[in-house]
There are 2 protein chains.
Amino acid sequence: MSLRRIASALNLSITTISRALAGHSDVSEETRQKIVDEAKRIGYVPNEMARRLQNGRANAIGFVVPADPGADASSIFLQHIRGIWSRLERETLDLLVMAASSGCDELSHYRRLVEGRRVDGMIVSSPRQTDERIDYLLQTRFPFVVIGHDRSRDTAVMSVETDFSAAMRMAVQRLRDFGHRAVACVESEATDASDDRFEAFRAACLESGIQGVELSVDDTIAAGVATTANLMQHPVAPTALVCKSAKLAFDVFQSLQSRGLAAGRDLSIICLEDSPLLRACEPGITVVSQSADKLAYQATDTLLQMRGGLEPKRLFVQPELTAGNTDGPPGGISSRPV
Amino acid sequence: MSLRRIASALNLSITTISRALAGHSDVSEETRQKIVDEAKRIGYVPNEMARRLQNGRANAIGFVVPADPGADASSIFLQHIRGIWSRLERETLDLLVMAASSGCDELSHYRRLVEGRRVDGMIVSSPRQTDERIDYLLQTRFPFVVIGHDRSRDTAVMSVETDFSAAMRMAVQRLRDFGHRAVACVESEATDASDDRFEAFRAACLESGIQGVELSVDDTIAAGVATTANLMQHPVAPTALVCKSAKLAFDVFQSLQSRGLAAGRDLSIICLEDSPLLRACEPGITVVSQSADKLAYQATDTLLQMRGGLEPKRLFVQPELTAGNTDGPPGGISSRPV
DNA sequence: TTGAAAGCGTTACCAC
DNA sequence: GTGGTAACGCTTTCAA
């Protein structure tokens, strides 16, 4: 209804209007100008649906946020959305978002997007050990990029992830430079049951000449309290703590406060995962990580490049330091009264 | 390419296939069954773009999340997205999400969605006093629903909001029932510069026979510290605090902890805004509010009803109590050592 | 440099 | 009950 309108107003063919507006070279400068003017005058905006039907692309990519409530204290997915969008907006592509609980219906949501050709590609966040979503996408040969890493399929999937070993090295070195000699690293048992969970930590300690203490806590109950208690009675008496997850760092931070201890003074804390949760804290928690939105931006950029055929590979993004006030020269948590 | 495929496989017309699959009554049961079977066999999924072009609807609604970083410690927008989606999924409608900073380009993003007919309606969150987005949508007569309230246009826009007065009453009554006699209410100066900011609080206090203390703090600097200090030296010595925003409640909570005081024991805290931030706290903060996802669900439902022509009005949702551990019998913050 | 026509996959309006 | 035909608004191929 709209190209036609310009066409009849100017006594030109629809074809010419289309080509002029698309910037093709085979339109005389004079008519092109007339067309552009008229289009602007009537406020022409092309009908996306017609365009999409015609060239068989959805001009959109999909993103699924987990719907499990409570799982999002870190609100990392909102940052993902921002990151994806910031790459998408220059291309005039749309971002379709769905929410799905990891249960039964999640896969059917993926099918709907993929098979209904509603999106041209997908961004998948927080992969799980055995991930039916990824299996499905691989099997249908649909373009997608994973944010974060999926151990089980090293080569087959395209992924964008923070260089975790580098982050660990940066954190441990920073603590060493502050004067710490013994550093603990904590992670929740549930998150990641692999064998080499502390591998990067060990390597970093070795490199920095630091004595490393490995802690594993159950995520379901008060993880922060458990960690703090563990540290206070630990024979090695670590003066600093590296947390793998934001929630864990936050919990420990709170647990310290409720004991009248202060992060940064009594115990240095560095977190390897970014989250608005940590920035809301007072004092701010030191983070060594790549921000979630940059990661998502990178993933989206990679997805767009995949149109030109790109071999799947793991893409490592270097972490950055966001200095807070929770790390500094060693204090000593176990020397304090409880 | 696909209806056609079924048609030629069964030696029927495309029309019949379409009607059979759409569930029209004018297809014989026998052929309908054959068609459905064949469709299932080849895994037929209709092409959404063709469908949308045909019936002139986008089958999608739009939502814009603010891109201003840091503004989202509460991650309320993710909950909005979940709420919107939970209403949308049964209808097989899509959710388009954009991120925009409240600056220059925000409006152009709205234009793109509306004028490119990419969405049939919009959900607008956190309206501002003078909101060009709302002006634009009103002026183009585009269907939209606002989550939260916009004072300046009481009648013209459809909005879904928590019944704030009711929430305030619930909070104050609850504190009175715990035995509190003097309660403070705090809000940040920036959020809402209207005259009747404490109106609901005053009414609730009057109703419950409580002495009310009104506090206003500057949001830009350590609001929690300021609030706590203010309370400790206040002549009335309130034993409980009602916070209008989640960030404020969180800040006060932290400020108490860092002084060795405990929310719930030394000072009762009730927050009137829900947020994952509050649930991450240990102990959990008591909230009287409607959850963000329910509000968004309601807004979406209303938006869908607007297709049937619905007069714009303010829709009030009743708040619910999420009991935490930050409120109880009066303790007394000012009687404690600093 | 321009235009006519076909086609993208679907639905709706008729006629049979 | 069923099938042809047009239409949704655009892009592309091929002729002129």
Side-chain angles (χ1 to χ4, degrees), chain A residues 1-36 38-39 42-60 91-94 112-120, chain B residues 1-36 38-39 42-60 91-94 112-120:
Chain A
M1 196 52 187
S2 251
L3 275 191
R4 166 139 54 198
R5 190 168 143 202
I6 302 181
S8 61
L10 264 47
N11 268 321
L12 287 167
S13 76
I14 296 182
T15 313
T16 305
I17 314 294
S18 174
R19 278 182 306 210
L21 260 25
H24 288 204
S25 57
D26 56 357
V27 181
S28 81
E29 181 51 31
E30 188 191 344
T31 51
R32 201 191 63 79
Q33 196 50 251
K34 270 201 305 192
I35 291 173
V36 168
E38 175 67 5
I42 71 167
Y44 170 74
V45 178
N47 182 318
E48 266 299 307
M49 299 314 158
R51 189 176 249 176
R52 289 170 186 184
L53 175 60
Q54 160 60 31
N55 42 22
R57 280 184 284 106
N59 288 340
E91 315 278 343
T92 331
L93 296 175
D94 286 340
R112 250 189 45 194
L113 285 190
V114 171
E115 283 156 33
R117 295 168 205 75
R118 299 150 110 100
V119 295
D120 303 312
Chain B
M1 197 51 188
S2 251
L3 276 191
R4 165 135 54 197
R5 192 169 141 202
I6 302 182
S8 60
L10 265 47
N11 269 321
L12 288 167
S13 77
I14 296 182
T15 311
T16 305
I17 312 295
S18 174
R19 278 182 306 208
L21 261 25
H24 288 204
S25 57
D26 56 357
V27 180
S28 82
E29 181 52 30
E30 186 191 343
T31 52
R32 201 190 64 78
Q33 197 50 251
K34 271 200 306 192
I35 291 173
V36 168
E38 175 68 5
I42 71 167
Y44 169 74
V45 179
N47 183 317
E48 265 300 306
M49 300 313 158
R51 192 175 246 176
R52 289 171 186 182
L53 175 60
Q54 160 61 29
N55 45 24
R57 280 184 283 105
N59 288 341
E91 316 276 344
T92 332
L93 296 174
D94 286 339
R112 251 190 44 196
L113 284 190
V114 172
E115 282 157 35
R117 294 167 204 77
R118 299 151 110 99
V119 295
D120 303 312

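Chain letters run A, B, ... following the sequence lines, proteins first, then strands; residues in each count from 1. As the structure is a prediction and not an experimental result, all values here were calculated from the model.
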Quiz prompt | Residues that Arg52(A) engages under side-chain hydrogen bond (donor to acceptor under 3.5 Å, both in side chains), provided they are two or more places apart | solution = Glu48(A), Asp94(A)
Pairing residues for [X] by the side chain to side chain contact (heavy atoms under 4.5 Å, CB included) criterion, not counting sequence neighbours:
X	answer
Leu12(B)	Leu10(B), Ile17(B), Ile35(B)
Ser28(A)	Glu30(A), Thr31(A)
Ser18(B)	Leu3(B)
Ser8(A)	none

Distance-only donor-acceptor pairs under 3.5 Å for side chains of residues 20-27 of chain B, two or more places apart:
none

Tabulate protein N/O versus nucleotide N/O from nucleotides 3-5 of chain D, keeping only pairs under 3.5 Å, one per line.
{"unit_1": "dG3(D)", "atom_1": "OP2", "unit_2": "Ser13(B)", "atom_2": "N", "d": "3.1"}
{"unit_1": "dG3(D)", "atom_1": "OP2", "unit_2": "Ser13(B)", "atom_2": "OG", "d": "3.4"}
{"unit_1": "dG3(D)", "atom_1": "OP2", "unit_2": "Thr16(B)", "atom_2": "OG1", "d": "2.7"}
{"unit_1": "dG3(D)", "atom_1": "N7", "unit_2": "Arg19(B)", "atom_2": "NH2", "d": "2.9"}
{"unit_1": "dG3(D)", "atom_1": "O6", "unit_2": "Arg19(B)", "atom_2": "NH1", "d": "2.8"}
{"unit_1": "dG4(D)", "atom_1": "N7", "unit_2": "Thr15(B)", "atom_2": "OG1", "d": "3.2"}
{"unit_1": "dG4(D)", "atom_1": "O6", "unit_2": "Thr15(B)", "atom_2": "OG1", "d": "2.9"}

Quiz item: Of all of residues 43-60 of chain A, which get a heavy atom below 4.0 angstrom from DNA chain C, listed by number?
Solution: Leu53(A), Gln54(A)
Exercise. Mind listing the residues from residues 26-34 of chain A sitting with a heavy atom below 4.0 Å of DNA chain C? Number order is fine.
Key: Asp26(A), Val27(A), Ser28(A), Thr31(A)
Hey, is the side chain of [X] poking within less than 4.0 Å of OP1 or OP2 on [N], counting only N and O atoms?
X	N	answer
Arg4(A)	dC8(D)	yes
Ser2(B)	dG9(C)	no
Ser18(B)	dT11(C)	yes

Quiz item: If an axis is fit to five pairs at each end of the helix from dT1(C)-dA16(D) to dC16(C)-dG1(D), what is the angle between the two, to the nearest 10°?
Solution: 50°
Quiz prompt | Listed partners of Arg32(B) passing salt bridge (Lys or Arg N to Asp or Glu O under 4.0 Å), at least two apart | solution = Glu29(B)
Exercise. Check salt bridge (Lys or Arg N to Asp or Glu O under 4.0 Å) between Arg117(B) and all other residues, then give those that pass, not counting sequence neighbours.
Key: none
Exercise. Report the distance from atom CD1 of Ile42(A) to atom P of dG9(D), rounded to the nearest whole Å.
Key: 13 Å
